[in-house]
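Positions are given from 1, in the same order as the sequence printed here.
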Amino acid sequence: AYPEIRKGFVAAVLNKAPEEIKETILMPTILSKDSEDGKYGILDVRVKLWNGSQMDLEMQVAPFAFWDKRIIFYLSKMYIEQIKEGEDYDKLQRCIQVGILCFPLFEDNKCYRRIALCDTESGEEYTDLIEMHVLELSKLPPEQQNETDLMKWMRFFGGRCEEDFKKMAEKDEYIGEAYEALKNMSEDEIKRMEYEARQKAIRDYNSYM
């Protein structure tokens, strides 16, 4: 559902023009377990891009004590599930995790960061095959002129009232589509989403405990 909205947000994360994002395909969100006593991974939204890359989009409202471990677990499973026994490593494609957080994760004022494997001394990037994007909505600074598309999306996600959503929608056509989709959701669909959010919160709480 909503392929144009996905295209707009994915383009913002990858710092590309939306026209460059040729296609996004929703994928199954349950990652398999490796053994009988292994652990399943359940993602919020999993998307396959036109070039074979995958992106996991997750939003977390309440603080989660093991967020770092959880995300590395999901990202690792996404990466290794790309090849089956006997297949070659050349099938492995880029896997990207995007965490949209309503709580502070790092002890600084940065609201966005991209994390990748790199040389710890020089900072030179080793590969972009595995990377994480962390969006901390609670650290958004006052609005500025000529903000990036990603910053506009962050403000939209962090909106607290109808006026906030409307204001952000006027600045970007893809955010505008997201705003229209929100307004057009039926009461039944909203209740279903609220139910799924509650179930996810229960799973998270059980995992935390």
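By the 6.0 Å contact criterion, CD on E87 is enclosed, its count of non-hydrogen atoms from other residues, nucleotides or ligands being greater than 12. For K139, the NZ atom sits in a packed shell: over 12 heavy atoms of surrounding residues, nucleotides or ligands are nearer than 6.0 Å. At most 12 heavy atoms of other shown residues, nucleotides or ligands fall within 6.0 angstrom of atom CG in N15.
Counting only N and O atoms by type, the side chains of Y179 and E162 include a donor and acceptor under 3.5 Å apart.
At a threshold of 4.5 Å between non-hydrogen side-chain atoms, the residues T148 and M154 do not count as touching. Contact annotation: the side chain of Y112 never approaches that of M151 to less than 4.5 Å [non-hydrogen atoms, C-beta and beyond]. Contact annotation: the side chain of L14 approaches that of M55 to within less than 4.5 Å [non-hydrogen atoms, C-beta and beyond]. The shortest side-chain heavy-atom distance between L135 and V98 falls under the 4.5 Å cut-off. By the 4.5 Å heavy-atom criterion applied to side chains, L137 and M59 are counted as neighbours. By the 4.5 Å heavy-atom criterion applied to side chains, W50 and I21 are counted as neighbours. The shortest distance between side-chain heavy atoms of Q93 and Q54 does not fall below 4.5 Å. Counting heavy atoms from C-beta outward, F73 and K77 have side chains that approach closer than 4.5 Å.
What you find for C102 and V61 is that their closest heavy atoms are CB-O, 3.6 Å. The shortest non-hydrogen separation linking P18 to K7 is O-CD, 3.3 Å. T24 approaches V10 most closely through the heavy-atom pair CG2-CG2, 4.4 Å. Taking every heavy atom of both residues into account, W67 and G99 meet most closely at CZ2-CA, 4.1 Å. Residues A12 and W153 approach most closely at CB-CD1, 3.6 Å, considering heavy atoms. Counting all heavy atoms, side chain and backbone alike, I83 lies closest to K91 at CG2-CB, 3.5 Å.
With respect to K166 and E163, no salt bridge is recorded, no charged nitrogen being found less than 4.0 Å from a carboxylate O. Salt-bridge formation is detected for the pair E58/R70: a Lys NZ or Arg NE/NH1/NH2 atom is positioned less than 4.0 Å from an Asp or Glu carboxylate oxygen. Using a 4.0 Å cut-off between a side-chain N of Lys or Arg and a carboxylate O of Asp or Glu, R155 and D164 do not qualify as a salt bridge.
With values rounded to the nearest 0.5 angstrom, S53 atom OG is found 9.5 Å from M78 atom CE. Atom CG of L101 and atom CZ of F106 lie 9.0 Å apart (nearest 0.5 Å). Expressed to the nearest 0.5 Å, how far CG of D128 lies from SG of C95 amounts to 11.0 Å. Rounded to the nearest 0.5 angstrom, Q97 CD and D56 CG are separated by 4.5 Å. Summarising the geometry, atom CD belonging to E23 is positioned 9.0 Å from atom CZ belonging to R6; distances are rounded to the nearest 0.5 Å. Here CD of E147 is found 7.5 Å from CE of M168. Values are rounded to the nearest 0.5 Å.
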Could you give me the CA-CA distance, side-chain angles and deciding distance for E125 and R114, then say whether salt bridge (charged side-chain N to carboxylate O under 4.0 Å, His left out) is met? CA-CA 12 Å; E125 189 167 316; R114 173 180 172 269; 2.9 Å; yes

Take L105 and V134 through the side chain to side chain contact (heavy atoms under 4.5 Å, CB included) test and state the conclusion after the steps. CA-CA 9 Å; L105 183 64; V134 184; 4.1 Å; yes

Could you check D108 against R113 for side chain to side chain contact (heavy atoms under 4.5 Å, CB included), going step by step and ending with a plain yes or no? CA-CA 11 Å; D108 58 22; R113 72 189 74 219; 2.8 Å; yes

Apply side chain to side chain contact (heavy atoms under 4.5 Å, CB included) to residues I100 and F9 and explain how you reach the verdict. CA-CA 12 Å; I100 305 165; F9 181 64; 4.0 Å; yes

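Criterion: ILVMFWY side-chain heavy atoms under 4.5 Å apart, direct or through other members. Under it, L129 and L117 are not part of a common hydrophobic cluster. Hydrophobic cluster membership differs between Y126 and Y89, with clusters built from Ile, Leu, Val, Met, Phe, Trp and Tyr side chains linked at under 4.5 angstrom. I130 and I72 fall into different hydrophobic clusters, where Ile, Leu, Val, Met, Phe, Trp and Tyr residues are linked whenever their side-chain heavy atoms come under 4.5 Å apart, directly or through other members.
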